[in-house]
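In this text, all values refer to a predicted model and were calculated from it rather than measured experimentally.
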Amino acid sequence: METTAAFKHDAFVCPNCDAFAHMTWRNLLVNGSLYSLVWTATCAKCAEASVWLNEDTIERRTVYGDQDAPRMLYPAESSAPLPNADLPDNCRSDFLEAREIAARSPRGAAALLRLVIQKLCLHFGELGKDINQDIASLVRKGLPKRLQEAMDTVRVIGNEAVHPGELDVDDNPAVVMSLFKLVNLIVEKLITEPKEVEELDSLLPQKKLEGIQQRDK
């Protein structure tokens, strides 16, 4: 089954929400009656639209003798991973914006991902004012060393991106691509996995849960 986004396909993996879903196609008509070169595909899952340009017209073939394959204009294609589904809503727009501009502005993407980490610290109960102190506080509360290192990596590189320093991320865009993976790793370990364990625990009979709690006392 083909899942890649493609022009006029009935269903594919949505570039906005990463879900395989049905797409409703509409043309942005000119004066309400003439077909234009611009189409939208609205996802049945998230109700967000992707925007497509279709220059493969009879007129183009007649004048130029060739054809130009339809292409998606928005969201901008990116090699960066999509956000973890459990990334808090107030972080998601920053992550997606970073993903959209990563190829054009690695510095801007790195700075936005640093902001995502700062907002995640706030989500985990920290003050959200000083990201360095927030991470230190999470460490004192038991944050695993591997995740502390991941947070600090995004923090430091994101900071270097907006201040003169020893690292110029524009010269090494692959570094920024790795930051997306680190953010998703942090969310996976600190939000997704605990949620999955909690959901499994909820399946246990109440008497069994009480027995476990009594044992732990």
- By side-chain hydrogen bond (donor to acceptor under 3.5 Å, both in side chains), D94 pairs with (sequence neighbours left out) K119

Can you tell me how far [atom2] of [Y] sits from [atom1] of [X], rounded to the nearest 0.5 angstrom?
{"X": "R146", "Y": "L182", "atom1": "CZ", "atom2": "CG", "value": "10.5 Å"}
{"X": "E48", "Y": "C17", "atom1": "CD", "atom2": "SG", "value": "8.5 Å"}
{"X": "I191", "Y": "E196", "atom1": "CD1", "atom2": "CD", "value": "12.0 Å"}
{"X": "H123", "Y": "L190", "atom1": "NE2", "atom2": "CG", "value": "9.0 Å"}
{"X": "R114", "Y": "L112", "atom1": "CZ", "atom2": "CG", "value": "11.5 Å"}
{"X": "L96", "Y": "I101", "atom1": "CG", "atom2": "CD1", "value": "12.0 Å"}

- Stepwise, does the side-chain contact (heavy atoms from CB on, under 4.5 Å) test hold for V156 with N159? CA-CA 5 Å; V156 171; N159 191 63; 5.7 Å; no

- Task: Salt-bridge test for K141 and E126: reply yes if a basic N is under 4.0 Å from a carboxylate O, no otherwise.
- Result: yes

Side-chain donor or acceptor of [X] paired with backbone N/O of [Y] under 3.5 Å:
{"X": "R140", "Y": "I135", "value": "no"}
{"X": "R92", "Y": "A85", "value": "yes"}
{"X": "S137", "Y": "Q133", "value": "no"}

So which heavy atom on [X] is nearest to which on [Y], and how close?
{"X": "A49", "Y": "T40", "result": "CB-CB, 4.4 Å"}
{"X": "W25", "Y": "H9", "result": "NE1-O, 2.8 Å"}
{"X": "P15", "Y": "P75", "result": "CG-CD, 3.8 Å"}
{"X": "E100", "Y": "Y74", "result": "OE1-CE1, 3.9 Å"}
{"X": "F95", "Y": "V116", "result": "N-CG2, 3.9 Å"}
{"X": "K45", "Y": "A19", "result": "CG-CB, 3.8 Å"}

- Item | Q148 and its side chain to side chain contact (heavy atoms under 4.5 Å, CB included) partner, picked from L143, L138, T153 | L143

- Message: Check the orientation of W52 and F7. Use parallel for under 30°, tilted for 30 to 60°, and perpendicular for over 60°.
- Response: tilted

Side-chain contact, heavy-atom cut-off 4.5 Å: [X] with [Y]?
{"X": "M151", "Y": "I186", "answer": "yes"}
{"X": "N16", "Y": "C43", "answer": "no"}
{"X": "L120", "Y": "I117", "answer": "yes"}
{"X": "L127", "Y": "L122", "answer": "no"}
{"X": "K181", "Y": "V183", "answer": "no"}
{"X": "N54", "Y": "L37", "answer": "no"}
{"X": "R26", "Y": "W39", "answer": "no"}

- Item | All side-chain contact (heavy atoms from CB on, under 4.5 Å) counterparts of V38, not counting sequence neighbours | L28, S36, V51, L53

- Message: Quick one, M23 with T42, criterion side-chain contact (heavy atoms from CB on, under 4.5 Å). Give me CA distance, side-chain angles, the key distance, then yes/no.
- Response: CA-CA 5 Å; M23 299 291 160; T42 302; over 6 Å; no

- Message: Heavy-atom count check: over 12 atoms from other residues, nucleotides or ligands less than 6.0 Å from E199 CD?
- Response: yes

- Step-by-step side-chain contact (heavy atoms from CB on, under 4.5 Å) determination, F180 to L113: CA-CA 7 Å; F180 287 96; L113 291 175; 4.0 Å; yes

- Do M72 and L82 share a hydrophobic cluster (ILVMFWY, side-chain heavy atoms under 4.5 Å, transitive)? no

- Query: Transitively linked via ILVMFWY side-chain contacts under 4.5 Å: V187 with M177?
  - Reply: yes

- Message: With no hydrogens and no angle check, just 3.5 Å: does a side-chain donor-acceptor pair link N184 and E188?
- Response: no

